[in-house]
Amino acid sequence: MPEETGGAKIHSVIYVDDPQYFEKWEARFKEELVGDPEELKKWISVYCGSYEKLLALMYIYDEMDDIYTFRLLLGYFWTRCDNIGAYRDDLAIMLSEGVDGPYTRVPELMDEEELAALDSLPQEITIYRGCGPQNKNGLSWSLDREVAMWFPFFGRYHSDQPILLTATIKKKRIAALKLHRGEQELIVVDLPESCWTEEPIIDPPPRKLCESTDQ
């Protein structure tokens, strides 16, 4: 239980090597869970690292059963999460809920700038994904070929067999466009393998690009 000091809550540290880490973390989250999206943003921003934010969002969905609030928060934190792939299948289901077939545009995932940018794109676009053989079926793509090529060479996404996927799709096939890290990232749900071509990436992109997109 947190102590109260001058109206502020002081939390005991939960160490990641604690055998009961997840149980303690979940108990803290549920104790302080509130329904207001802005308060939830603050809580997750303060108490969750880049590998915990999606865990918190999943708890929110399970506890509140509110897909709209879940998607608002997911859009806000999407570019602040480093483990999207670990939740890929669950996210695909949640992003497809209530949409028509494979057409998965989800406005709640975007702010006004991103909505306008998506609207301005042509009706058919070419998209790219840099990855390894084990994670080709991911949710994140890019409008920028060089940015996509960079990812398999970056630490937490590193692959010993970097490949570039290229697909040309209808704009209405895109769930969201995210601009916060300058990557022109697209969220695309369940794109069939038959839609893309793949090629090996022989050389990493210029160092200048890596420095401009690294966060």
Side-chain angles (χ1 to χ4, degrees), residues 37 41 44 48 50-51 53-58 60-61 66-132 134-152 154 156-157 163-196 198 213 215:
K41 282 182 186 178
I44 294 171
C48 300
S50 62
Y51 286 90
K53 288 181 170 64
L54 269 177
L55 180 62
L57 294 179
M58 292 301 178
I60 288 172
Y61 181 75
D66 182 348
I67 191 66
Y68 179 79
T69 296
F70 169 79
R71 287 173 172 170
L72 283 177
L73 294 170
L74 179 64
Y76 180 80
F77 286 113
W78 183 273
T79 55
R80 300 169 174 88
C81 297
D82 287 328
N83 56 346
I84 297 290
Y87 294 88
R88 186 249 176 244
D89 292 342
D90 289 334
L91 290 172
I93 292 171
M94 293 171 178
L95 294 177
S96 299
E97 185 175 320
V99 300
D100 184 15
Y103 303 118
T104 56
R105 183 165 181 173
V106 184
E108 304 95 282
L109 295 177
M110 295 174 277
D111 59 27
E112 292 184 3
E113 180 185 5
E114 291 163 341
L115 282 166
L118 181 58
D119 286 338
S120 71
L121 294 178
Q123 294 304 309
E124 189 171 87
I125 58 174
T126 300
I127 63 176
Y128 308 92
R129 176 173 171 81
C131 58
Q134 76 284 357
N135 64 334
K136 292 189 285 187
N137 192 27
L139 300 173
S140 295
W141 294 70
S142 178
L143 290 171
D144 190 310
R145 177 185 172 92
E146 288 189 332
V147 167
M149 290 177 67
W150 162 77
F151 271 90
F154 180 51
R156 59 181 178 267
Y157 308 115
I163 55 177
L164 179 70
L165 310 182
T166 302
T168 299
I169 63 172
K170 300 291 186 183
K171 179 171 69 173
K172 60 186 178 181
R173 190 69 177 73
I174 298 168
L177 169 63
K178 304 302 296 178
L179 300 174
H180 295 167
R181 290 189 293 202
E183 297 166 6
Q184 299 188 79
E185 180 181 0
L186 301 170
I187 303 172
V188 183
V189 180
D190 287 336
L191 189 65
E193 189 168 349
S194 59
C195 292
W196 70 66
E198 59 183 78
T213 55
Q215 291 198 359

Quick check: do E108 and Y68 have side-chain heavy atoms less than 4.5 Å from each other?
yes
Quick check for you: to the nearest 0.5 Å, what is the distance between M94 atom CE and Y61 atom OH?
5.5 Å
Distance-minimising heavy-atom pair for L164 and A148
CD1-CB, 3.9 Å
Value rounded to 0.5 Å, distance of CH2 in W141 from CD1 in I174:
11.5 Å
For residues S96 and A92, report the shortest heavy-atom separation together with the two atoms involved.
OG-O, 2.8 Å
Counting neighbours of CD on E112 that are heavy atoms of other residues, nucleotides or ligands and sit closer than 6.0 Å, is the number greater than 12?
no
Main chain of D119, side chain of K171: is a donor-acceptor contact present, judged purely on distance under 3.5 Å?
yes
Quick one: closest heavy-atom pair of M149 and P152, and the distance?
O-CD, 3.2 Å
How far does CD1 of I127 sit from CD of Q184, to the nearest 0.5 angstrom?
12.5 Å
Got a second to check how far I67's CD1 is from E97's CD, nearest 0.5 Å?
4.5 Å
Side-chain heavy atoms of F151 within contact of E183, under 4.5 Å:
yes
Full working for side-chain contact (heavy atoms from CB on, under 4.5 Å) between N137 and R88
CA-CA 9 Å; N137 192 27; R88 186 249 176 244; 3.3 Å; yes
Partners meeting ring pair (Phe, Tyr, Trp, His ring centres under 6.0 Å) with W78 (sequence neighbours left out):
none
Rounded to the nearest 0.5 Å, how far apart are CD1 of I169 and CD1 of I125?
5.0 Å
Please test L95 against L109 for side-chain contact (heavy atoms from CB on, under 4.5 Å), starting from the C-alpha separation and ending with a verdict.
CA-CA 9 Å; L95 294 177; L109 295 177; 3.7 Å; yes
Taking A86's backbone N and O only, do any of them form a donor-acceptor pair with N83's side chain (distance below 3.5 Å, no angle check)?
no
My understanding is that only residues two or more places apart in sequence, or in another chain, count here; which of them pass side chain to side chain contact (heavy atoms under 4.5 Å, CB included) with D111?
E113, E114, H180
What's the shortest heavy-atom distance between D144 and S142, and which atoms?
N-OG, 2.9 Å
Between the side chains of E185 and S140, is a donor N or O closer than 3.5 angstrom to an acceptor N or O?
yes
V189 and R173 have their tightest heavy-atom pair at O-NH1, 2.8 Å
Residue of the set L55, L139, L74, L57 for which side-chain contact (heavy atoms from CB on, under 4.5 Å) holds with Y87
L55
Hey, could you give me the CD/NZ distance between E198 and K136, rounded to the nearest 0.5 Å?
4.0 Å
Does any non-hydrogen side-chain atom of L121 lie less than 4.5 Å from one of L143?
yes
Identify the heavy atoms of R105 and M110 that sit nearest to each other, and give their distance.
NE-CE, 4.3 Å
